[in-house]
*Asks:* 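Submitted below is the structure of interest, expressed as structure tokens.
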Amino acid sequence: MEISLGSLPFGLDFHPSDQLVAAALITGDLHLYRYDADSPPQKLLDLHAHEESCRAVRFVNGGQAMLTGSTDRSILATDVETGATIARLEDSHEDAIYSLINVTESTVASGDDQGCIKVWDTRQRTLCNSFDAHEEYVSDMTFAADAMKLLGTSGDGTLSVCNLRKNTVQTRSEFSEEELTSVVLMKNGRKVVCGSQSGTVLLYSWGYFKDCSDRFVGLSPNSVDALLKLDEDRVITGSENGLISLVGILPNRIIQPIAEHSEYPIESLALSHDRKFLGSISHDSMLKLWDLDDILKGSGNNISQAAESDSDSDDMDVDNKVTSKSASKGHAGSSSNNFFADL
């Protein structure tokens with residue numbers, strides 16, 4: 001299933017309980033579609049949400065609203081049913097917003113181009129945490145619920161661990177030789193898996209964040225721009241060559257390529273609420289919805305073997321190739337606290 005978006009997409013998210021998918025575009029537009037396996041996708045909303053690029057989108061409040069983050073430094077809340085603006089927070093960051101994730105049912109986190117991470121509480125309607133976690137753009141984040149820790153990756157080549165209870169940056173890894181692009185928690189929280197600009201996948205052991213415990217270079221030299229956790233042993237990767245692959249973690253190996261979006265870089269991957277569809281967006285301005293059962297055929301027998309080992313491999317190849325990309329600079333600072341007053 002394919003949807004032509006008309007412009008380069010940066011953000012993608014599925015509704016938590018309905019067959020809806022949203023895309024954030026470089027033009028500042030926000031698109032919302034209804035999809036069904038037996039009929040063509042239907043565009044429900046086409047809104048000019050921001051004056052500058054719309055980099056990220058997330059459904060919040062049980063799917064009643066969509067939050068978008070932009071290079072214009074604003075965060076917008078939009079009603080899913082009507083498309084009406086619920087609230088807009090101008091100058092939410094002092095630099096362009098790069099990433100946005102759901103933390104809990106009532107909190108979200110945003111990261112900007114200067115390395116600042118902020119956590120917003122929709123229930124209390126306040127900004128509850130702010131962390132100067134990185135020196136460059138916050139490429140991705142993930143939340144460890146049991147430990148109440150927010151992990152972030154950055155173009156500065158580091159992994160950060162932010163303690164939400166103490167409101168402090170608990171630790172940050174040593175600078176790696178590549179920009180980190182994406183992060184997921186695997187192995188029931190015991191491993192932190194990071195994608196990088198060089199295509200190396202870095203594994204960190206929980207509690208030992210200073211240096212990675214393992215590296216997997218099977219996807220090099222293509223940048224791993226997106227990671228999507230499928231289960232505790234498998235992750236779906238999106239690379240700059242347009243390939244979507246199923247990768248096993250410990251033992252680390254490419255189980256199989258499962259789709260080819262295009263020849264252009266994958267910007268984002270997401271799973272539908274029922275896990276029937278995998279969504280991908282790329283620089284070809286297309287949103288593609290893949291039947292997950294179809295593209296995973298043939299991989300099941302390999303997974304039982306992948307799950308047998310749960311220890312780091314001592315004979316992994318190490319790739320020291322250095323790549324870089326530019327990211328806009330700025331200064332992270334204060335923000336308004338009343339953004340969610342109308343949510």
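Basis for what follows: all heavy atoms, side chains included, without hydrogens, waters or symmetry-related copies.
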*Asks:* With a 4.0 Å cut-off on N to O distance, would you call Glu178 and Arg215 a salt bridge?
*Replies:*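 Judged by the 4.0 Å cut-off on N to carboxylate O distance, Glu178 and Arg215 do form a salt bridge.
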
*Asks:* How long is the gap from CD1 on Ile266 to OG on Ser223, to the nearest 0.5 Å?
*Replies:*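 Taking CD1 in Ile266 and OG in Ser223, the distance rounds to 11.5 Å.
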
*Asks:* Is any side-chain heavy atom of Asp233 closer than 4.5 Å to one of Lys187?
*Replies:*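 Yes, close enough: below the 4.5 Å cut-off.
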
*Asks:* What orientation do Tyr137 and Tyr98 show, parallel under 30°, tilted 30 to 60°, or perpendicular over 60°?
*Replies:*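 Aromatic pair Tyr137/Tyr98 classed tilted.
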
*Asks:* Measure the shortest side-chain to side-chain distance between Pro41 and Arg34 over non-hydrogen atoms and say whether it is less than 4.5 angstrom.
*Replies:*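 No. Closest side-chain heavy atoms not under 4.5 Å.
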
*Asks:* For the residue pair Cys162 and Asn129, establish whether any side-chain heavy-atom pair is separated by less than 4.5 Å.
*Replies:*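 Counting from C-beta outward, Cys162 and Asn129 never come under 4.5 Å.
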
*Asks:* Could you walk me through whether Leu228 and Leu271 pass side chain to side chain contact (heavy atoms under 4.5 Å, CB included), step by step?
*Replies:* CA-CA 8 Å; Leu228 180 64; Leu271 285 175; 3.6 Å; yes

*Asks:* Could you tell me whether the side chain of Ser268 reaches within less than 4.5 Å of the side chain of Ile281, counting heavy atoms only?
*Replies:*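 Yes, close enough: below the 4.5 Å cut-off.
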
*Asks:* Can you tell me if Lys166 has over 12 outside heavy atoms packed within less than 6.0 Å of its NZ?
*Replies:*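 Counting neighbours around NZ of Lys166, 12 or fewer heavy atoms of other residues, nucleotides or ligands fall under 6.0 Å, so no.
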
*Asks:* Do you know which of Val224, Leu269, Asn222 makes side chain to side chain contact (heavy atoms under 4.5 Å, CB included) with Thr237?
*Replies:*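 One option only clears the test, and that one is Val224.
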
*Asks:* Decide yes or no for Ser154 and Val138: does some side-chain heavy atom of the first lie under 4.5 Å from some side-chain heavy atom of the second?
*Replies:*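 They are not in side-chain contact.
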
*Asks:* Tell me whether Asp95 is salt-bridged to Arg73, with the criterion being a basic N under 4.0 Å from an acidic carboxylate O.
*Replies:*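 Salt bridge flag = no for Arg73 with Asp95.
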
*Asks:* Quick one: do the Thr181 and Ser139 side chains pair a donor with an acceptor below 3.5 Å?
*Replies:*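 No, no side-chain donor-acceptor pair sits under 3.5 Å.
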
*Asks:* Do Ile295 and Leu246 belong to the same hydrophobic cluster, where Ile, Leu, Val, Met, Phe, Trp and Tyr are linked whenever their side-chain heavy atoms lie under 4.5 Å apart, directly or via other members?
*Replies:*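 As far as the 4.5 Å side-chain criterion goes, Leu246 and Ile295 are connected within one cluster.
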
*Asks:* Quick check: do Ile97 and Ser70 have side-chain heavy atoms less than 4.5 Å from each other?
*Replies:*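 Of all side-chain heavy-atom pairs linking Ser70 with Ile97, none is under 4.5 Å.
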
*Asks:* If you apply the rule side chain to side chain contact (heavy atoms under 4.5 Å, CB included), what do you find for Leu185 with Val192, and how did you get there?
*Replies:* CA-CA 5 Å; Leu185 278 171; Val192 181; 3.6 Å; yes

*Asks:* Has Asp146 got more than 12 heavy atoms of other residues, nucleotides or ligands less than 6.0 Å from its CG?
*Replies:*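 Not buried by this count: 12 neighbours or fewer within 6.0 Å.
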
*Asks:* Would you check, one step at a time, whether the test side chain to side chain contact (heavy atoms under 4.5 Å, CB included) holds for Val169 with Asp132?
*Replies:* CA-CA 8 Å; Val169 180; Asp132 290 320; 5.9 Å; no

*Asks:* Taking the side chain as everything from C-beta on, heavy atoms only, tell me whether Thr68 gets closer than 4.5 Å to Leu76.
*Replies:*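 Yes, side chains in contact.
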
*Asks:* I need the Trp120 CH2 to Ile75 CD1 distance, nearest 0.5 Å.
*Replies:*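 One finds 5.0 Å between CH2 of Trp120 and CD1 of Ile75.
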
*Asks:* Can you name the nearest heavy-atom pair linking His261 to Ser280, along with the distance?
*Replies:*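 Smallest interatomic distance, heavy atoms only, reads ND1-OG, 2.7 Å.
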
*Asks:* Tell me, do Leu151 and Trp206 make a side-chain contact under 4.5 Å, heavy atoms counted?
*Replies:*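 In short, these two side chains touch, coming nearer than 4.5 Å.
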
*Asks:* Would you please indicate if the ring centroids of His273 and Phe14 are separated by under 6.0 Å?
*Replies:*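 That pair fails the under 6.0 Å test.
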
*Asks:* CZ of Phe216 to CD1 of Ile254: how many Å apart, nearest 0.5 Å?
*Replies:*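 The CD1 atom of Ile254 is 4.5 Å from CZ of Phe216, to the nearest 0.5 Å.
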
